[in-house]
Amino acid sequence: MNLQLLKFLGLWVIFCALPQTSISQIAEEESLKFNLINSNSDRIIAPLKEGNTLKIYLSHYNLKAFTIAAVQVPPETQSLKMKCTGVINQERIENLAPFSLFGDDGKSNYQGTAALPGSYTFTGESLKGSTLLDDFRANFSFINTLPGPMRLVLLNADKDLPVCSFTEEDIGIINTSGLKMKTFSFELNQYPPNTQSVRFILQGPIQYQRLESSMPFSLFGDVITNGDFYGANAIQGNYSLIVQTYDAVQGKGNLIRTMIFRFKME
């Protein structure tokens with residue numbers, strides 16, 4: 001075997017050993033991506049996603065004004081055409097970053113407009129001259145009011161019996177000896193109508209997290225076949241229980257509402 005052939009084979013082995021990047025990965029890294037932004041604080045609310053309708057509860061995010069800004073564009077982009085239709089109609093072409101729907105003040109502070117309840121469609125087009133490099137389309141909606149208050153039921157897990165109920169405005173004082181309660185749990189029995197999953201985060205003497213995608217939504221879970229609730233020992237101390245509801249299973253989709261309940265076990 002001659003020397004040139006050996007060199008060629010050696011280079012080929014080195015090439016094959018290098019990490020390979022697929023065409024789809026390159027396309028993903030160079031495609032258009034946009035964020036929905038609170039234009040009063042310049043904070044990101046959520047990314048827009050093609051094929052999904054993003055639902056934003058205005059009071060949950062304290063959102064009064066919004067804009068949409070590109071977070072990724074194809075590297076050869078010379079201009080970006082953006083259009084929003086729905087309750088508010090706006091069209092803008094930006095030739096310089098940051099590319100945003102309502103522009104900025106030149107000091108990286110976004111301009112925006114009032115976040116009015118209703119449905120919207122946003123489109124973006126990346127252009128090099130008159131050549132289209134990539135396009136983007138997503139739907140989102142602003143919802144004016146949150147559903148009614150969420151409600152938690154304290155459970156005696158040994159007896160699978162409800163003890164009392166709380167809303168997020170309450171501060172619970174739980175007398176475990178007076179209630180003769182050795183183990184406890186909580187069930188979320190009042191929640192937004194489109195809730196598909198619930199995340200529980202317990203902080204305090206007991207640290208615990210659980211994601212529930214079927215009713216009953218309970219802190220420590222249950223045996224579905226016979227309604228037997230699992231529980232934990234009622235250890236004295238101060239606790240916080242964070243409850244988050246989502247409109248899709250497994251904590252996916254949109255965050256609908258967050259409840260923070262503080263209580264003390266004595």
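Computed from a predicted model, the values in this text were never measured in an experiment.
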Is any side-chain heavy atom of Leu152 closer than 4.5 Å to one of Leu241? yes
Measuring from Thr113:OG1 to Gln90:CD, what's the distance to the nearest 0.5 Å? 8.0 Å
With a 4.5 Å heavy-atom cut-off, do Leu161 and Val163 have their side chains touching? no
So do the side chains of Arg199 and Tyr246 get within less than 4.5 Å of each other, counting heavy atoms only? yes
Are Leu58 and Pro117 side-chain neighbours, meaning at least one heavy-atom pair lies under 4.5 Å? yes
Would you say the side chain of Phe140 lies within less than 4.5 Å of the side chain of Ile56, judging by non-hydrogen atoms? no
Between Glu50 and Arg137 (salt bridge meaning N to carboxylate O under 4.0 Å), is one present in this structure? no
I'd like to check Leu80 versus Ile93 (side-chain heavy atoms, cut-off strictly below 4.5 Å). Are they in contact? no
Which pair of non-hydrogen atoms, one from Glu94 and one from Gly103, has the smallest distance, and what is that distance? OE2-CA, 3.9 Å
Report, as yes or no, whether the 6.0 Å neighbourhood of atom CD1 on Ile173 holds more than 12 heavy atoms from other residues, nucleotides or ligands. yes
Hey, mind stepping through Leu54 and Asn139 against side-chain contact (heavy atoms from CB on, under 4.5 Å) and telling me if it holds? CA-CA 6 Å; Leu54 178 67; Asn139 299 314; over 6 Å; no
Assess the side chains of Ser177 and Asn175: does a donor N or O sit below 3.5 Å from an acceptor N or O? yes
What's the spacing between Glu212 CD and Phe217 CZ if we round to 0.5 Å? 7.5 Å
I'd like to know if the side chain of Asp247 pairs up with that of Asn254 as donor and acceptor (distance under 3.5 Å, no hydrogens or angles considered). yes
Under a plain distance cut-off of 3.5 Å, with no hydrogens placed, do Thr77 and Ser126 share a side-chain donor-acceptor pair? yes
May I ask you to check whether Tyr110 and Phe102 place their ring centers less than 6.0 Å from one another? no
Mind telling me whether Phe263 and Tyr239 have parallel, tilted or perpendicular rings, with 30° and 60° as the class edges? parallel
Please check if the side chain of Asn156 supplies one atom and the backbone of Met181 the other of a donor-acceptor pair under 3.5 Å. no
Under the 3.5 angstrom rule, does the side chain of Thr245 hit a backbone N or O of Arg257 as a donor-acceptor pair? yes
Checking side-chain polar atoms at under 3.5 Å, does Ser31 have a donor or acceptor matched by the opposite partner on Asp134? no
So, taking the atom named CD in Gln207 and the one named CD1 in Ile201, what distance separates them when rounded to the nearest 0.5 Å? 10.5 Å
Does a side-chain heavy-atom distance below 4.5 Å link Glu76 with Leu133? yes
Any link between Leu255 and Val249 through a network of hydrophobic side chains (Ile, Leu, Val, Met, Phe, Trp, Tyr) touching at under 4.5 Å? no
Flag, side chain of Asn89 to backbone of Gly86, donor-acceptor distance under 3.5 Å: yes
Evaluate the side-chain contact (heavy atoms from CB on, under 4.5 Å) criterion for residues Thr123 and Phe136: first the C-alpha distance (whole Å), next the side-chain angles of each, then the deciding distance (0.1 Å), finally the verdict. CA-CA 5 Å; Thr123 59; Phe136 179 94; over 6 Å; no
Same hydrophobic cluster for Ile37 and Tyr120, using side-chain heavy-atom links shorter than 4.5 Å among ILVMFWY? no
Backbone N or O of Gly251 within a donor-acceptor pair of the Ser197 side chain at under 3.5 Å? yes
Same cluster or not: Leu96 versus Leu127, using hydrophobic residues (I, L, V, M, F, W, Y) connected whenever any side-chain heavy atoms lie under 4.5 Å apart? no
Looking only at heavy atoms, which two atoms of Leu219 and Leu202 are closest? And how far apart? CD2-CD2, 4.1 Å
Using the ring centroid of each side chain, check whether Phe142 and Phe66 are separated by less than 6.0 Å. yes
Nearest atoms (heavy-atom pairs only) where Gly112 meets Thr67: CA-CB, 4.4 Å
Please determine whether a side-chain nitrogen of the Lys or Arg among Glu125 and Lys83 lies less than 4.0 Å from a carboxylate oxygen of the Asp or Glu. no
Before we go on, tell me: are the rings of Phe186 and Phe220 under 6.0 Å apart, centre to centre? no
With rounding to the nearest 0.5 angstrom, report the CD1 to CG distance, Ile68 to Asn35. 10.0 Å
Pair Lys55, Ser141 - check side-chain contact (heavy atoms from CB on, under 4.5 Å), show working. CA-CA 5 Å; Lys55 297 177 182 177; Ser141 61; 3.7 Å; yes
On a heavy-atom basis, which atom in Ala114 and which in Ile88 lie closest, and how many Å separate them? O-CD1, 3.1 Å
Taking all non-hydrogen atoms of both residues into account, name the closest pair between Thr176 and Ala234 and its distance. CG2-CB, 3.8 Å
Heavy atoms, side chains only, cut-off 4.5 Å: are Gln250 and Leu211 in contact? yes
Rounded distance [0.5 Å steps], CD1 in Ile174 versus CD in Glu266: 9.5 Å
Going through the checks in order, is the salt bridge (charged side-chain N to carboxylate O under 4.0 Å, His left out) test met by Glu91 and Lys81? CA-CA 8 Å; Glu91 188 169 346; Lys81 182 178 180 180; 3.7 Å; yes
For Met150 and Leu188 the tightest heavy-atom approach is CB-CD1, 4.1 Å
Arg262 side, atom CZ; Phe166 side, atom CZ - distance, nearest 0.5 Å: 14.5 Å
Decide whether Val87 and Ile45 are clustered together by the hydrophobic rule: side chain heavy atoms of Ile, Leu, Val, Met, Phe, Trp, Tyr closer than 4.5 Å, transitively. yes
Are Phe184 and Leu179 in one and the same hydrophobic cluster, where Ile, Leu, Val, Met, Phe, Trp and Tyr link if side-chain heavy atoms are under 4.5 Å apart? yes
side-chain contact (heavy atoms from CB on, under 4.5 Å) between Ile242 and Thr258, worked out: CA-CA 7 Å; Ile242 302 170; Thr258 298; 4.0 Å; yes
